[in-house]
Amino acid sequence: MTLRVALLDASHGTDHTRRNFRRELDAALAEFDVTAGELPADFDHDAVVVTGSRSSVYWDEPWIGALVDWVGAAAERGLPVLGVCYGHQVLAEALGGRVDAMDDVELGYREIRRLDDGDPLFAGIESPFVAFETHSDRVVDLPPGATRLAENDRGVQAFRRGDCWGVQFHPEYDRASAETVARGKDLPDERIEAVVDGIDDDNYAAACRTKRLFDNFGDYVRARRTVETD
């Protein structure tokens, strides 16, 4: 079964974003530049994926409010949603959670602890697992009824409510994306070089094992669709 997935691209046209998701998602993607006001005209999709962004969900910009509202409506209709980094924060906001600024940027490959051994999104993924982080906002209050699935010392790293998941990290990144993002940060040179030095074979290999969550998400959506059509 070929899944029809709406990719809501909040990256402001960052070159690597769509490339990475096209590679990792085994689906037919309908792609929307949400920063330009593009949103699906309906909810006729099997699932929704929301990307990262340099924006913050609490900024007063029309496209952000429209995106949060659309994601909330999709979740109400039972569409499975996967939010990645900024998409994780959008999903939390849409479901009634709260996002706030951090006192620093979390950047680089980090270890993350799983908290729920039975969740299908993380099936076959070790704990702790490794993923690339780049964010200066975080979910400070989970949505009502949500379950925290993963965390590190900077807070919530994954949550689930119903058929919706948010992950704060970037499982889709390749090494080129990680280095490009790191070098684009307005941070001291020594910190950036330390992050770039950490984009090595071992960390990337560990992070590639975390990419399994994309297949897990697809498998979950396919199983759900099979039940609905039987």
Legend entry - D219 with R212: basic N within carboxylate O range, under 4.0 Å: no
Inset, instruction - Nearest 0.5 Å please: distance from the OG1 atom of T14 over to the CG atom of D9. - result: 7.5 Å
Legend entry - Residue pair V84 / F21, side-chain heavy-atom distance below 4.5 Å: yes
Legend entry - Nearest heavy-atom neighbours spanning R54 and S11: NH1-O, 4.2 Å
Legend entry - CG-CZ distance between D42 and R77, expressed to the nearest 0.5 angstrom: 10.0 Å
Inset, instruction - State plainly whether the residues R209 and E126 are in salt-bridge range, i.e. N to O under 4.0 Å. - result: yes
Inset, instruction - Could you tell me whether the side chain of N216 reaches within less than 4.5 Å of the side chain of F122, counting heavy atoms only? - result: no
Legend entry - Nearest heavy-atom neighbours spanning V5 and A27: CG2-CB, 3.6 Å
Legend entry - Any side-chain heavy-atom pair of N152 and E106 under 4.5 Å: yes
Legend entry - same_hphob_cluster(M102, F132) at 4.5 Å side-chain heavy-atom cutoff: no
Inset, instruction - Indicate, with yes or no, if I112 and L107 share a hydrophobic cluster defined by side-chain heavy-atom contacts under 4.5 Å among Ile, Leu, Val, Met, Phe, Trp and Tyr. - result: no
Legend entry - Y220 and D163: CA distance, side-chain angles, deciding distance, side chain to side chain donor-acceptor pair (under 3.5 Å) verdict: CA-CA 9 Å; Y220 179 88; D163 295 326; 2.3 Å; yes
Legend entry - Pair N20-S177, side chain to side chain donor-acceptor pair (under 3.5 Å): steps then yes or no: CA-CA 9 Å; N20 286 334; S177 302; 2.9 Å; yes
Inset, instruction - Decide, yes or no, whether a salt bridge links D215 with R222 under the criterion of side-chain N to carboxylate O below 4.0 Å. - result: no
Legend entry - Hydrophobic cluster membership, V48 vs L213, 4.5 Å side-chain cutoff: no
Inset, instruction - Check whether any side-chain heavy atom of V71 sits under 4.5 Å from a side-chain heavy atom of L8, and report yes or no. - result: yes
Inset, instruction - Could you please spell out the steps behind the side chain to side chain donor-acceptor pair (under 3.5 Å) verdict for S55 and H12? - result: CA-CA 9 Å; S55 298; H12 299 270; 2.8 Å; yes
Inset, instruction - For the residue pair D44 and R4, establish whether any side-chain heavy-atom pair is separated by less than 4.5 Å. - result: yes
Legend entry - Short N-O contact, R110 and E133, less than 4.0 angstrom: no
Inset, instruction - Sort out for me which residue in H135, R138, Q168 forms a side-chain hydrogen bond (donor to acceptor under 3.5 Å, both in side chains) with Q89. - result: Q168
Inset, instruction - Of all the heavy-atom pairs spanning R148 and G155, show the shortest one and how long it is. - result: NH1-C, 4.3 Å
Inset, instruction - Output yes when D100 and R98 qualify as a salt bridge under the 4.0 Å nitrogen-oxygen rule, no when they do not. - result: yes
Inset, instruction - Tell me yes or no: between the side chains of D137 and Y58, is some donor less than 3.5 Å from an acceptor? - result: yes
Inset, instruction - Without swapping roles, check the side chain of R23 against the backbone of E172 for a donor-acceptor pair under 3.5 Å. - result: yes
Inset, instruction - Look up atom CG in L79 and atom CZ in F43, then write down how far apart they are to the nearest 0.5 Å. - result: 7.5 Å
Inset, instruction - Output yes when a side-chain donor or acceptor of Q157 lies under 3.5 Å from a complementary backbone atom of E151, and no otherwise. - result: no
Legend entry - R19 and D174 ion-paired at < 4.0 Å: yes
Legend entry - Smallest separation among heavy atoms of L187 and I192, with atom names: O-CD1, 3.5 Å
Inset, instruction - Evaluate whether atom CG of D153 has more than 12 neighbouring non-hydrogen atoms of other residues, nucleotides or ligands under 6.0 angstrom away. - result: yes
Legend entry - hydrophobic_cluster_shared for L39 and V90, side chain cutoff 4.5 Å: yes
Inset, instruction - For the residue pair F129 and R113, establish whether any side-chain heavy-atom pair is separated by less than 4.5 Å. - result: no
Legend entry - Side-chain donor or acceptor of S136 paired with backbone N/O of V105 under 3.5 Å: no
Legend entry - Taking every non-hydrogen atom, the tightest pair across D46 and V221: O-CG1, 3.5 Å
Inset, instruction - Considering non-hydrogen atoms only, spot the tightest contact between A92 and V139 and give its length. - result: CB-CG2, 3.7 Å
Legend entry - Salt bridge R22-E31, side-chain N to carboxylate O under 4.0 Å: yes
Inset, instruction - Salt-bridge test for E179 and R175: reply yes if a basic N is under 4.0 Å from a carboxylate O, no otherwise. - result: no
Legend entry - Distance-only donor-acceptor check, side chains W63 and E61, under 3.5 Å: yes
Legend entry - CH2 on W165 to CZ on F159, rounded to 0.5 Å: 11.5 Å
Inset, instruction - Indicate yes or no: at least one non-hydrogen side-chain atom of V156 is less than 4.5 angstrom from one of L142. - result: yes
Inset, instruction - Spell out, yes or no, whether I64 and L91 are grouped together once hydrophobic residues are joined by side-chain heavy atoms under 4.5 Å, including indirect joins. - result: yes
Inset, instruction - Taking R114 for its side chain and D116 for its backbone only, find out whether a donor-acceptor pair lies under 3.5 Å. - result: yes
Legend entry - Test item: T134 and F169 side chains (from C-beta on) under 4.5 Å apart, heavy atoms: no
